[in-house]
Amino acid sequence: MNAETLINFSYIVASILFIMGLKMLGRQTTARRGNMISSLGMLIAVVVTLFAREIVSFQWIVVGVGIGAVIGIACARLIKMTSIPEMVALLNGFGGLASLLVGWAEYGKFLAAGSTSSTFTGTVIVLAVLIGGVTFTGSLYAFGKLSGKLSGKPVMFSGQQFVNGALVLGLIAAGVVYVIHGGAGDIGGNAFYACLAIAFILGITLVMPIGGGDMPVVISMLNSLSGLAACAAGFVITNNVLIVAGCLVGTSGVILTIIMCKAMNRSLANVLFSGFGSDATAAAGGDSEGQIKGELKPISAEDSFAVLEAARNVVVVPGYGMAVSQAQHVVRELAEMLENNGAEVRFAIHPVAGRMPGHMNVLLAEANVPYEQLVEMDSINPQMPMMDVAIVIGANDVVNPAAARDKSSPIYGMPIINAHEANTVICLKRGKGAGFSGIENQLFLLENTRMLYGDAKASLQGVVSEFKAMAED
Ligand code: NAP
């Protein structure tokens, strides 16, 4: 078997491991193993690639791997779980930049050799550069929004879609000119740099009008684009495993984007072009049809205990606040106490609760909450009127009834967990803070809702102490 055959055979093994790993990531019980299997696939792909003839300098590769490993380990250790979305945004951006650089280097190679690229190579160079460029600046902008360094609100101006349309046309025109000239001469060079510049600008103008609760969709879309850019880069350097890995990232990103749009009952076009919450009156919760009037009614940990002690069906609705206060372990402790007290406890999981897909599942798995207790939104909602108590732990947008009742609300139409239908709702939060989308939540004003103010972990510890005191008596 010659080296080339061995390399391609190993690439097939790596690709199979990627696909197996991805499949296993779909279930909580196998996700950890799936991650390891995909990582093994990537290790094989990287090591085998080092045997490829085209490797020019191993010293630079070692330096790159060293620097990358240090930054990667530091990020994995230091970045808080709640900051993962902005880190994912950054990583998507770097993925796009890497593909762009591959395309750029290939253009440089033709230039240095004084030759021109074929129509196919020219096309994939342009695709790697334009998709990579859009992904890079779009992801950096999304990182700025998610990390709070830039305003998270949608930025809209008149004629915005016209500007974006013109940029797309410009990009296509520059790409076509580059391909026709095979990148040769001033015309080819100018077309290449025009592609680069327009792609950078388009990345920003595309993400600009998106904000609030729509940002997760943007992140998964940029993730998908980074995969497609890698796929194009794979064609540029004819590396089969890069093509496969890029396709897998691209398609899984598209699937996740569709799942998230469905979870919010929005079309992708609506997410990309409508400007979430840009209607100031709606965002401010203006007085409109379907709105609930009422006042916030606080409850103490002792009284919450009294309500919970009598409950037989309890549903816990976790949200971002549970992640912030790291309350998952106390939540599990409380759930065990409720079960020992004769109640049936379920955890209602909304697809976009928290700040990343599967955020709540990961936290609850970390606290060893049995998977069987986790129920998806569509399954729990019909049972909600039978629930004695719904404990809403740092969730806000995902339980906002305005989504179903208030036509003027920017989240109108988004499916929510119907916590408001439970007999009693106990909401744990620190104060009057709005959710991620910045809009008011009328669940807190309902007649059957009580507010248990404070850090979620401390509040739950208070309730757990009451249960412990009862057990000791
Ligand atoms: P949310 O709407 O962001 O609300 C979180 C609530 O937690 C806040 O109202 C806050 O109120 C409370 N909170 C914060 N820290 C707390 C603490 N230490 N103790 C107790 N409460 C605390 O959360 P959500 O209902 O989970 O909704 C998720 C939102 O994020 C959706 O809009 C979704 O679209 C968006 N998003 C999701 C993803 C994803 O992939 N899952 C990614 C990015 C964005 P106080 O300040 O008053 O405490």
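Just so you know, ligand 1 is whichever comes first in the structure, and atom 1 is the first atom listed for that ligand. Bear in mind that the values here come from a model prediction, so they are computed numbers and not experimental data.
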**Prompt:** Is the shortest N/O to N/O distance between P216 and ligand 1 below 3.5 Å?
**Reply:** no
**Request:** Can you sort out which atoms of ligand 1 are near V398, meaning under 4.0 Å from one of its heavy atoms?
**Result:** 25 (O), 27 (O)
**Request:** Output yes when a side-chain donor or acceptor of R450 lies under 3.5 Å from a complementary backbone atom of E447, and no otherwise.
**Result:** yes
**Message:** L443 and side-chain contact (heavy atoms from CB on, under 4.5 Å): which single residue from N396, V425, I416 fits?
**Reply:** V425
**Prompt:** Counting heavy atoms only, which of N396, I439, I416 is nearest atom 9 (O) of ligand 1?
**Reply:** N396
**Message:** Looking at non-hydrogen atoms alone, which of V88, V352, V217 comes nearest to atom 28 (C) of ligand 1?
**Reply:** V352
**Asked** Where on S459 is there a heavy atom closer than 4.0 Å to ligand 1, on the side chain, on the backbone, on both, or on neither?
**Response** neither
**Message:** Quick check: do V315 and Q383 have side-chain heavy atoms less than 4.5 Å from each other?
**Reply:** no
**Message:** I want to know if ligand 1 touches G431 in the polar sense, i.e. an N/O pair below 3.5 angstrom.
**Reply:** yes
**G354 N/O to ligand 1 N/O under 3.5 Å** = yes
**Prompt:** Checking T449 side chain against L445 main chain: does a donor-acceptor pair fall under 3.5 Å?
**Reply:** no
**Request:** May I ask you to check if ligand 1 and V324 share an N or O to N or O distance below 3.5 Å?
**Result:** no
**Request:** Ignoring hydrogens, just give me the one of P318, G438, G321 whose non-hydrogen atom is nearest atom 22 (C) of ligand 1.
**Result:** G321
**Prompt:** Would you say G394 and ligand 1 have an N/O pair spaced under 3.5 Å apart?
**Reply:** yes
**Asked** Can you tell which of M260, M322, M414, R430 gets a heavy atom nearest to atom 48 (O) of ligand 1?
**Response** R430
**Item:** Identity of the nearest option to atom 32 (O) of ligand 1, non-hydrogen atoms only, from V399, I417, D397
**Value:** D397
**Message:** With the threshold set at under 4.0 angstrom, would you say M215 reaches ligand 1 through any of its heavy atoms?
**Reply:** no
